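In what follows, a structure is listed as structure tokens, so that the remarks can point back to it.
Note that the structure is predicted; figures quoted are calculated from it, not measured.
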Amino acid sequence: MPSPARSLPRSIAEVDSSDLSGLPTQGGRHAHHPMQRHAVHLHQLLHLHPFPSLFQTQLAHGQILKSGLAAEACTATKILSLYANHCRFPEATALLLSLPDQDSSSFSSLISSLSRSPFPSLVLSLLPRMLALSLHLDPLVLPSTLKVCASLGSESTGRKLHAIAITSDLAADTFIQSSLLHFYLKCKAKTDARKVFDRMPHPSVVAYSAILADTAARGDVCGTKNMLEQMQRSGIEPNTITWNGLIAGFSRSGHPHEAASMLQRMHLAGCVLDKIGVSSALPAVGDEEDARAGLQIHGYSIKCGFEEDECVSSALIDMYGKCRITEEMIKVFDEMRHRDIGTCNALVAGLARNGLVGEALMRFKRFQKESVELNVVSWTSIVACCAQNGRDMEALELFREMQEIGVRPNSVTIPCLLPACANIAALVQGKSAHGFTIRAGMSADVYVGSALIDMYGKCGKIKDARKMFDRMPSRNIVSWNAMLGGYAMHGRAKEAMEMFSMMEKRRQQPDSISFTCMLSCFSQAGLTDEGRRFFHKMKTEHGIAARMEHYACMVSLLSRAGKLDEAYQFVKGMPFDPDSCVWGALLSACRVHGNVKLGEIAAENLFQLEPLNAGNYVLLSNIYAAKGMWEGVDRVRKEMKRLGVRKNPGCSWIEIENKIHMLVAGDKSHAEMEKIVQRLEKIGVEMKRLGFLPSSWFALQDVEEQDKEQMLCGHSEKLAVGLGLISTRRGSPLRVTKNLRICGDCHAAMKFISRFEEREILVRDTNRFHLFRDGECSCGDFW
DNA sequence: GTAGGGTTAG
């Protein structure tokens, strides 16, 4: 016998007949003819030995290949089943397909094993051959085969199996019916699923469970309840699986109250919640309000000893993350003895959701160090985490790193990454991600498409955004809103309105976000009456109640058009307390229009709501400075000092030759800083000479001399333009993105630079795009 | 031989 340590042949062809010398022979008898000898060996090996090892199986396989004994169906079938016993499914499949004579029982038995193996997809390589040979598939194997088709989404094969079931008179079998039902539900062939169900004379509890879980998951509350009633009327009681399916379905479709009610009914029916029920029910706990229910379920899980189940724990982690109970979330994770990748991912996502980027990145790096096999979900989570928390450059870097180590981004990764490109207008990287989606065959994905529209829009490429939109094979409300948002940012009211009419024509219902985009667009474009009309239309024609962001847009719309008092009246008439966005819109308009009185009211409210936001103090201070009210400036500055509020540094990005450069106001660390400053100073001299004196109207006035000089050319957007000027070809356009609103001083300087240097400059600030061309700005100074 | 669970997306 070969020792187990002996290395296995690398391939069947490598097995030599001399390898058989070590095998036991029967009573020392040796056959003389080589063919006979092989046959004896094979006989001994396969039929007399009780449990041939994998090595022996491979030897036998090698023998029949060499000696032409392959025609012996019985031997081949035996080898086939031995391979299956040793979980060598790919070899078994290849062997069966290579046999000249194939019989239906070998196919059926191998398909049956494969469907339960880690290689269910191999079933799909056997089925076409079997169907082509018109071989009969064992009816007992049909349900598991359909299950494979369902899980792999192989719709056409499943449909063929349905036809076979009908022609072989098997369509009345309850198992086959339930399997067909499940198959059509999985393939989202709703009508066919319903047909199968309706044709069942007596649906079983399994069939009811499948259809109930699906109806609940589609959010059809009424349909689910009716079906449940019908089931009970026909004398079939739901079991644990039925209840769990209902709970999971309602949780997923965003009906937490229905899920809770099912949980209650389950309890009343005497069914005990198992760990699958726990992990199905937890996702229904969506926010702080439901946290009590979540805590109860956690207590119950501890009592039952469910917390060691990875699914239960990751559902708990997710629940605590959504309820913003982060300490408990981390505790659940840290107290687990065995963590799987799902739990690690849930933790990273939970930290990300709560803005704990540093902790998320630290944990992620620790997982890498501990050789946790991070998958595409883990990487997507950490990329999303950075992109959602302003760490855009790190998101891009992580995206690069994941590909470098061979983790392939999927159609979720891309919509997570693209906002990072959009935030810092990293057009080259965004385009490269676009290229990736085309190569990966994701072009039809509606989430990917919508994220690309958003990215192109925010990178200043509104025409490319529209091209993307027009090419999408299917669109949803997100796609439409991305396009509307793009037009809003570019102040293109005409196009936005055309888009809106197109939505109405194509019966795409606008949602609350669509109206936010429209109102913001009208605000950018200064179309007060249109804005008022849409605000009204939203409620009367679409039944959408105005939310905080709609009020903020209206305040901005009115106040930027100079109707400050009307804006203030509007705020006072709001049905709920205005938030910082609403007061913030009023305060920035007060700065533009120099209204001290209203500015003080808005600022006072903002200081209450967000005492540590430096931007509000700076705005108020600027309003005072513009009027020469130095004691006001001083008061604000002292208040900032008292509270320890520091100015949020201005930060701009510019992309030069595939590389994003970040410039921070007052930070001189960029390698080219000396040249940048020289260039800007030269421009400053020219501006002075030609009478375009930089107004220091918008800068904090009462500052030390050194700061004043820094302010003159230290603003980050100016530094970025300076860098662009010294490092790109003459005449080529510059695109700059800023984390704050562009200041008046810079606005004037950009106009000058665009003419003096003959450059098109596109600056995106928090609000909108400003296209500077030949001394003018697209916003018509309405910034 | 058929039905139920956790993690990434505006």
A:Thr215 vs A:Thr224, side chain to side chain donor-acceptor pair (under 3.5 Å): CA-CA, chis, key distance, verdict: CA-CA 6 Å; A:Thr215 324; A:Thr224 314; 4.9 Å; no
Evaluation steps, side chain to side chain contact (heavy atoms under 4.5 Å, CB included), between A:Leu124 and A:Cys149: CA-CA 8 Å; A:Leu124 298 182; A:Cys149 294; 4.3 Å; yes
Can you check side chain to side chain donor-acceptor pair (under 3.5 Å) on A:Ser112 and A:Arg116, steps first, answer last? CA-CA 7 Å; A:Ser112 165; A:Arg116 282 171 278 118; 2.8 Å; yes
CA sep, side-chain torsions, deciding dist, call: A:Arg466, A:Tyr456, side chain to side chain donor-acceptor pair (under 3.5 Å): CA-CA 9 Å; A:Arg466 183 56 189 265; A:Tyr456 279 121; over 6 Å; no
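Counting non-hydrogen atoms under 4.0 angstrom, A:Gln177 reaches nothing in the nucleic acid. Contact annotation for A:Ala384: no contact, since no heavy-atom pair falls under 4.0 Å across all strands. At a threshold of 4.0 angstrom between heavy atoms, the contacts of A:Ala248 are confined to the sugar-phosphate backbone, with no base atom among them. Here A:Asp274 lies in heavy-atom contact (under 4.0 Å) with a base. Across all strands shown, A:Asp511 has heavy atoms under 4.0 Å from base atoms, whether or not it also approaches the sugar-phosphate. Nucleic acid contact for A:Asp318: sugar-phosphate only, since backbone atoms but no base atoms lie under 4.0 Å from a heavy atom of the residue. Counting any heavy atom pair closer than 4.0 Å across all strands shown, A:Arg339 reaches no nucleic acid atom. Residue A:Val312 is in base contact, counting any heavy-atom pair closer than 4.0 Å across all strands shown. At a threshold of 4.0 angstrom between heavy atoms, the contacts of A:Lys147 are confined to the sugar-phosphate backbone, with no base atom among them. Here A:Ser381 lies in heavy-atom contact (under 4.0 Å) with sugar-phosphate atoms only. Nucleic acid contact for A:Thr240: base, since at least one base atom lies under 4.0 Å from a heavy atom of the residue. Residue A:Val478 is in base contact, counting any heavy-atom pair closer than 4.0 Å across all strands shown. A:Leu246 comes within contact range of no nucleotide atom at all, as no heavy-atom separation falls under 4.0 Å. At the heavy-atom level, A:Ser209 lies under 4.0 Å from base atoms of the strands shown.
Considering only side-chain N and O atoms, A:Arg353 lies under 4.0 angstrom from the phosphate OP1 or OP2 of B:dT8. Here A:Gln388 reaches the OP1 or OP2 of B:dA9: one of its side-chain N or O atoms lies under 4.0 Å away. Contact annotation: A:His182 does not reach the phosphate of B:dT2 (side-chain N/O to OP1 or OP2, under 4.0 Å).
Closest contact between the side chain of A:Ile513 and the listed nucleotides B:dG10, B:dT7, B:dA3 involves B:dG10. Side-chain atoms of A:Cys416 lie closest to B:dA9 of the nucleotides B:dA9, B:dG6, B:dG1. When distances are taken from the side chain of A:Ala349 to each of B:dA9, B:dT7, B:dG6, the shortest belongs to B:dT7. Nearest nucleotide to the A:Ile176 side chain, out of B:dG6, B:dT2, B:dG1: B:dG1.
What separates CD1 of A:Ile477 from P of B:dA9 is a distance of 20 Å, to the nearest Å. In this structure, the CG atom of A:Asn239 is 15 Å from the P atom of B:dT2, given to the nearest Å. Distance CE (A:Met483) to P (B:dG10): 18 Å, rounded to an integer number of Å. When the C1' atom of B:dG5 is taken as reference, atom OH of A:Tyr300 falls 14 Å away, rounded to whole Å. Atom CG in A:Leu347 sits roughly 13 Å away from atom C1' in B:dG6 (whole-Å rounding). Note: CG (A:Asn389) to P (B:dA9) measures 12 Å, nearest angstrom. Per the geometry, CD1 belonging to A:Ile341 stands 14 Å off P belonging to B:dT7, to the nearest Å. The CG atom of A:Asp173 sits 12 Å away from the P atom of B:dT2 (whole-angstrom rounding).
A heavy atom closer than 4.0 Å to some atom of DNA chain B occurs in A:Val377, A:Thr380, these being the qualifying members of residues 370-380 of chain A.
A:Val357 is not listed as a side-chain neighbour of A:Glu394, based on a closest heavy-atom distance of 4.5 Å or more. At a threshold of 4.5 Å between non-hydrogen side-chain atoms, the residues A:Thr242 and A:Met231 count as touching. The closest side-chain heavy-atom distance from A:Gln368 to A:Glu401 is below 4.5 Å.
Between A:Arg353 and A:Asp318, at least one side-chain nitrogen of the basic residue sits less than 4.0 Å from a carboxylate oxygen of the acidic one, meeting the salt-bridge criterion.
For B:dG1, the base has no donor-acceptor partner in the side chain of A:Asp138 [N/O atoms by modelled type, under 3.5 angstrom]. Taking 3.5 Å as the limit, the base of B:dG6 and the side chain of A:Asn345 contain no donor-acceptor pair of atoms between them. For A:Ser144 against B:dG1, a side-chain-to-base donor-acceptor contact under 3.5 Å is absent. Side chain A:Asp309 to base B:dG5: a donor-acceptor pair is found below 3.5 Å. Between the side chain of A:Ser314 and the base of B:dT7 there is no donor-acceptor pair of N/O atoms closer than 3.5 Å.
In this pair, A:Phe175 lays its aromatic ring flat on the base of B:dG1, centres within 5.5 Å and planes under 30 degrees apart.
For A:His162 and A:Phe183, the ring centers sit 6.0 Å or farther from each other. Aromatic ring centres of A:Trp480 and A:Phe469: separated by under 6.0 Å.
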